[in-house]
Amino acid sequence: MRFGTLGKSGIKVSAIGTGTWAMGGDFFGAIDEKQCIEAIVASLDAGVNLVDTAPVYGHGHSEELVGKALKGRRQQVVLCTKCGLTAPGRNLTRKAIQMEVDQSLTRLQTDYIDLYQMHWPDPNTPVEESMQAMLDLKKEGKIRAIGVSNFDEELMRRCMAVGQLDTLQPQYSLLDRQVEKSILPFCRQNGIGILSYGSLGAGMLTGKFKTPPQVEGSDKRAGFYPFFKEPLFSQALRLVSVLQEIAQEHDKPVAHVAINWVSQQEGMSTALVGCKNPAQAVQNAQAGDWDLSAQELERIDQALREIYGE
Ligand SMILES: NC(=O)c1ccc[n+]([C@@H]2O[C@H](COP(=O)([O-])OP(=O)(O)OC[C@H]3O[C@@H](n4cnc5c(N)ncnc54)[C@H](OP(=O)(O)O)[C@@H]3O)[C@@H](O)[C@H]2O)c1
């Protein structure tokens, strides 16, 4: 497993992190709780040391499962959760942050969070107030590092004027590279660590979807990730076929090529990869055991230019 750091915090993290959105049970289809807990444990056994969750994933359910899975090995794990996105909407007021952190600590069965992240911008609260609340939590010892998610440069700049901002968690994968234009360069210049989400394109980059998943019941992924709709879906299939060729040459799963492409980009701390069972968790963690060569990275970039015309 390769290791990096969470920005200026100096906290050491594995290049692959375990994401637990699906484990909330309300967005990626049905889950088996026992399998979810075993998946988190299996990822740790396979070398992962970072787990990411959020209160909004299944209204606390994902955090509860993470808390159960980490019993007895809390100290070995970099535990990341978030605040500011709950059922009624966005709320990053000082009062909401102070209340949410205690609820998360209870569900996670711990007395500290390693990385606490503002989940989405709250247009109704000055970000300076939110950032000060986060800094106060750090002083109290409830959190060790401060992150944001889905923030732009301007909001990050305002946070940095108040105190140390350690990380950004944006959507970033072979299927969504919007942050490459200006957000990632800003993070690199300012020592902000990057945790990519949707690293596997919600499963699209494993090669298993030949037709788009239907938005039905509790499987709503196609409503959040735009590449499940045409014409992006057909373009994604073309890209997956190039990844498949590289995977075959290494005798590795396609998922490894997608995970390694994002995790090998400059400034990355961790590629967050979601899973629902131990087999997926172990397969994903094993991507960190090998690297794509410079020629292979260029081959993928060439395919991106051909398919997306950039
Ligand atoms: N900050 C934010 O706003 C935000 C937004 C999204 C995600 N996140 C974080 O980032 C994490 C990762 O993103 P994500 O979970 O949305 O998407 P992802 O990691 O791209 O895809 C995860 C899904 O792909 C499937 N999968 C995973 N490994 C597989 C394998 N080896 N073979 C076949 N299928 C596999 C699983 O679903 P199936 O088995 O059902 O196909 C899994 O739930 C999340 O869990 C969450 O922690 C944060």
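Remember, it's 1-based here, ligands and their atoms both numbered in the order they're listed. This one's a predicted model, so the numbers in the text were calculated from it and none came from an experiment. Along the sequence shown, residues are numbered consecutively beginning with 1.
A donor-acceptor contact shorter than 3.5 Å is absent between the side chain of Lys68 and the backbone of Gln109. At distances below 3.5 Å, not a single donor-acceptor pair connects side-chain atoms of Ser234 with backbone N or O atoms of Pro231. The main-chain N or O of Ser43 is never found under 3.5 Å from a side-chain atom of Thr18 such that the two would form a donor-acceptor pair. Asp176 contributes no side-chain N or O that, together with a main-chain N or O of Tyr172, makes up a donor-acceptor pair within less than 3.5 Å.
Contact annotation for Leu272 and ligand 1: heavy atoms of both the backbone and the side chain come within less than 4.0 Å of the ligand. With a 4.0 Å heavy-atom cut-off, ligand 1 is reached by the side chain of Arg221 but not by its N, CA, C or O. Under 4.0 angstrom from ligand 1, there are no non-hydrogen atoms of Asn277. Residue-level proximity to ligand 1 for Asn284 is carried by the side chain, the only part with a heavy atom below 4.0 angstrom. Heavy atoms of Gln171 found under 4.0 angstrom from ligand 1: none, in either backbone or side chain. Residue contacts with ligand 1, taken as heavy atom pairs separated by less than 4.0 Å, involve Ser199 solely via the backbone atoms N, CA, C and O.
In terms of heavy atoms, Gln171 sits closest to Val179 at O-CG2, 3.9 Å.
Ring centroid separation for the pair Phe233 and Phe209 does not come in under the 6.0 Å cut-off.
The protein heavy-atom contact nearest to atom 3 (O) of ligand 1 is Asn150 ND2, 3.0 Å. The protein heavy-atom contact nearest to atom 6 (C) of ligand 1 is Tyr197 CD1, 3.2 Å. Protein heavy atom nearest atom 39 (O) of ligand 1, with residue, atom name and distance: Gln280 NE2, 2.8 Å. When hydrogens are left out, the protein atom nearest atom 41 (O) of ligand 1 is Lys208 NZ, 2.4 Å; that is the closest non-hydrogen contact. When only non-hydrogen protein atoms are considered, atom 13 (O) of ligand 1 lies nearest to Gly198 N, 3.1 Å. For atom 47 (O) of ligand 1, the closest non-hydrogen atom on the protein side is Asp52 OD2, 2.7 Å. Ranking the protein heavy atoms by distance from atom 27 (C) of ligand 1 puts Gly274 O, 3.1 Å first.
Residue contacts with ligand 1: Leu200 is placed with a nitrogen or oxygen under 3.5 Å of a nitrogen or oxygen of the ligand (distance criterion only).
Below 4.0 Å from some heavy atom of Gly19 lie the following atoms of ligand 1, by number and element: 11 (C), 44 (C), 45 (O), 47 (O). Heavy-atom proximity to Val273, at under 4.0 Å, picks out these atoms of ligand 1: 19 (O). Counting the atoms of ligand 1 from 1 in the order shown, those under 4.0 Å from a heavy atom of His119 are 1 (N), 2 (C), 3 (O). Below 4.0 Å from some heavy atom of Ser149 lie the following atoms of ligand 1, by number and element: 1 (N), 2 (C), 3 (O). Residue contact check: Gln169 has heavy atoms under 4.0 Å from atoms 1 (N), 2 (C), 4 (C), 8 (N), 9 (C), 48 (C) of ligand 1. Close approach to Trp120 involves these atoms of ligand 1, each under 4.0 Å from a residue heavy atom: 3 (O). Which parts of ligand 1 touch Gly201 is read off a 4.0 Å heavy-atom cut-off, strictly below it: atoms 20 (O). Proximity to Gln283 (heavy-atom distance under 4.0 Å) selects the following atoms of ligand 1: 30 (C), 31 (N), 32 (N).
For the pair Tyr225/Leu175, no side-chain contact is recorded, criterion being any heavy-atom separation below 4.5 Å from C-beta on. Residues Leu108 and Leu70 form no side-chain contact, since every pair of their non-hydrogen atoms from C-beta on lies 4.5 Å or further apart. Proximity of Pro55 to Thr81: side-chain heavy atoms (C-beta onward) are separated by under 4.5 Å at one or more points. Between Leu292 and Val257, some side-chain heavy-atom pair lies under the 4.5 Å cut-off.
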Report task. Test Ser263 against Arg2 for side-chain hydrogen bond (donor to acceptor under 3.5 Å, both in side chains), laying out the working first. Result -> CA-CA 9 Å; Ser263 104; Arg2 286 172 260 121; 2.6 Å; yes
**Report entry** Test log, rule salt bridge (charged side-chain N to carboxylate O under 4.0 Å, His left out), inputs Asp111 and Arg74
**Finding:** CA-CA 10 Å; Asp111 55 6; Arg74 170 69 188 92; over 6 Å; no
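Annotation: cation-pi geometry not satisfied between Arg144 and Tyr116 (NZ/CZ under 6.0 angstrom from ring centroid, within 45° of ring axis).
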